[in-house]
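Here's the structure we're looking at; comments come further down.
Along the sequence shown, the residues carry numbers beginning at 1.
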Amino acid sequence: MRKSIFICVFSLIAIVSALGQNLYQKFDYITVTGKVMTRSGDPVVKCLVEIRTVSQGGSEVDVIGTGSRNVSKLDKAGWGRTDEKGVFSIKGVPSPGSYLVVVKGVKGFKKTQMPLSIGSGQSKVVTVQTLFLDKYQDIDSKTRKLLKKSSKLLKKGDMDGAEKLLLEVNSRNGNLSEVHVSLGNIYLKRKKYSDALTEFTKAFELGDKNPALCMTSARIAFSMKKFSQSAEFVDVFLESNPKDLIGLYMGGISHFNMKQFKEAEPYFAKYAEIKGAENHDVNFLYVYGMTENALGHFGKAAENLAQAYREGWRASPVFLETLASAYLKQNKKPEAKVILKELLEKFPQFDGRKMAEETYNSL
């Protein structure tokens, strides 16, 4: 009898303990949806998609390269299979938390991983970026030996020897992204930026979407004024680092320099949201203001341009005319008159002075 009482008490303690744990785990549960495609654009049908837990409680997800994490010891937070369109939907994923979306076991294709960070207060359905599967390639023993030897030379700092072997590997098989990454790193150290970008771009096109690779490539492309390429790399980087200020700024400026103001605006808006009241960067305030002005959003344009001016942006006739015009289009005549007065006092001569004087006198 005493034994049965002990068992009952022990069971009750176990139940209470489990209930106590659940009480302190304040999670919402959301649905994660997405799509799995081949690199050529075909849907991958009936493949298994898993969501593995990296951490829970809202911490930022680690930067993880595609296919680089051993997930065998990570618990499953959910799983599902793709339909005929390659679409999957996985219900009951705890929020907040940091996860990996994992696709593996598809015959003829490499396994694919993607970091997923779910913050508290997100919508009940989170749609992730499309997962692209790359074809698996068998590497012959000769190529494997060359890769191993080149890796050892790189660790020793023998760039010339490593480059020679990597170029030999590339001549045997030009579709190995790791070869192009290694060559790009060699050229980067030699400050051969154009060659480095060429190699990193090849790796990117072969499916290497590592955030570090994307950000490095974006920086190089941006410095070379290849803004279209820079924007493409930044977009992939931001998928796993959505709050990165440098990425947001570079993405916005890339589109701004291409005069794609509609495309630039969301990057600047997100940057401003994150920075909040601490936003004192005059360069940012200027480009954000000019972007809003180009889109006809004169309230935001005047707000940002005026703040840039207060923070120390250098006055010019074009700048002051733009700010005054933004005020006038909101019918804010007193504010416009102040700016026009500064314009006329600071610049005795400039194209359009007569019209500026007439406008000022009419206010």
Side-chain angles (χ1 to χ4, degrees), residues 218-235 238 243-363:
R219 287 177 181 272
I220 298 171
F222 189 88
S223 69
M224 297 173 66
K225 298 183 179 180
K226 295 185 176 182
F227 299 118
S228 179
Q229 271 187 284
S230 178
E232 183 179 8
F233 287 122
V234 162
D235 282 345
L238 288 173
K243 295 181 179 179
D244 186 89
L245 291 173
I246 294 174
L248 290 167
Y249 189 81
M250 197 182 303
I253 292 292
S254 294
H255 287 291
F256 180 86
N257 285 333
M258 292 188 286
K259 301 187 185 303
Q260 297 174 347
F261 303 112
K262 186 176 180 180
E263 290 78 6
E265 185 186 34
Y267 297 90
F268 293 147
K270 185 68 174 179
Y271 182 100
E273 178 188 341
I274 294 169
K275 289 285 282 187
E278 299 302 315
N279 189 11
H280 303 295
D281 183 340
V282 294
N283 294 300
F284 169 78
L285 292 166
Y286 171 77
V287 293
Y288 191 16
M290 295 301 285
T291 295
E292 296 295 357
N293 189 69
L295 293 172
H297 304 156
F298 301 114
K300 282 188 177 181
E303 179 185 339
N304 283 283
L305 293 175
Q307 188 180 348
Y309 194 34
R310 290 194 301 271
E311 299 281 354
W313 182 261
R314 187 176 179 181
S316 70
V318 171
F319 173 80
L320 293 174
E321 284 178 308
T322 302
L323 178 53
S325 176
Y327 280 133
L328 286 172
K329 287 177 179 175
Q330 300 174 76
N331 202 31
K332 292 186 175 181
K333 295 180 180 180
E335 291 88 343
K337 190 166 187 176
V338 170
I339 298 301
L340 287 171
K341 183 180 180 182
E342 290 193 36
L343 171 63
L344 296 169
E345 289 176 350
K346 288 186 176 183
F347 300 96
Q349 293 183 341
F350 61 90
D351 290 340
R353 181 179 172 88
K354 183 178 180 181
M355 183 177 292
E357 286 178 339
E358 291 175 355
T359 303
Y360 174 77
N361 292 329
S362 69
L363 296 175

Flag the pair [X] / [Y] as yes when at least one side-chain heavy-atom distance between them is below 4.5 Å, and no otherwise.
X	Y	result
Tyr360	Lys337	yes
Thr291	Asn304	no
His255	Glu265	no
Met290	Phe256	yes

Do Tyr288 and Gln307 have a side chain donor and acceptor closer than 3.5 Å?
no
Roughly how far, to the nearest 0.5 Å, is [atom2] of [Y] from [atom1] of [X]?
X	Y	atom1	atom2	value
Asn283	Trp313	CG	CH2	5.5 Å
Glu263	Met258	CD	CE	8.0 Å
Glu232	Lys226	CD	NZ	13.0 Å
Gln349	Arg353	CD	CZ	8.5 Å
Ile246	Tyr271	CD1	OH	9.0 Å
Leu245	Lys270	CG	NZ	10.5 Å

Please test Arg219 against Met250 for side-chain contact (heavy atoms from CB on, under 4.5 Å), starting from the C-alpha separation and ending with a verdict.
CA-CA 8 Å; Arg219 287 177 181 272; Met250 197 182 303; 3.8 Å; yes
How about CG on Asn361, more than 12 heavy atoms from neighbouring residues, nucleotides or ligands closer than 6.0 Å, or not?
yes
side-chain contact (heavy atoms from CB on, under 4.5 Å) evaluation trace for Leu323 with Leu343
CA-CA 10 Å; Leu323 178 53; Leu343 171 63; over 6 Å; no
Looking at Tyr327, I'd like to know if the NZ or CZ of Lys333 sits under 6.0 Å from its six-membered ring centre while staying within 45 degrees of the ring's axis.
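Judged by the rule, Lys333 and Tyr327 form no cation-pi pair.
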Show the nearest heavy-atom pair for residues [X] and [Y], with the distance to one decimal.
X	Y	result
Val234	Gly247	CG1-O, 3.2 Å
Ala324	Ala336	O-CB, 3.7 Å
Gly252	Ala264	O-CB, 3.4 Å
Ala221	Gln229	CB-CB, 4.0 Å
Leu320	Ala315	CD1-CB, 4.0 Å
Ala326	Asn293	CB-OD1, 4.2 Å

Would a distance-only check, ignoring hydrogens and angles, find a side-chain to backbone donor-acceptor pair under 3.5 Å from Glu357 to Leu344?
no
Can you label the angle between the Tyr249 ring and the Phe284 ring as parallel, tilted or perpendicular, going by 30° and 60°?
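It falls in the tilted class, 30° to 60°.
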Candidate pair Leu238 and Tyr267, rule side-chain contact (heavy atoms from CB on, under 4.5 Å), full reasoning:
CA-CA 10 Å; Leu238 288 173; Tyr267 297 90; 3.8 Å; yes
Between Tyr309 and Phe319, is the gap from one ring center to the other below 6.0 Å?
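For Tyr309 and Phe319, the ring centres are under 6.0 Å apart.
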Using the side-chain contact (heavy atoms from CB on, under 4.5 Å) rule, take Phe222 and Ile253 through it: C-alpha gap first, then chi angles, then the decisive distance, then the call.
CA-CA 9 Å; Phe222 189 88; Ile253 292 292; 3.4 Å; yes
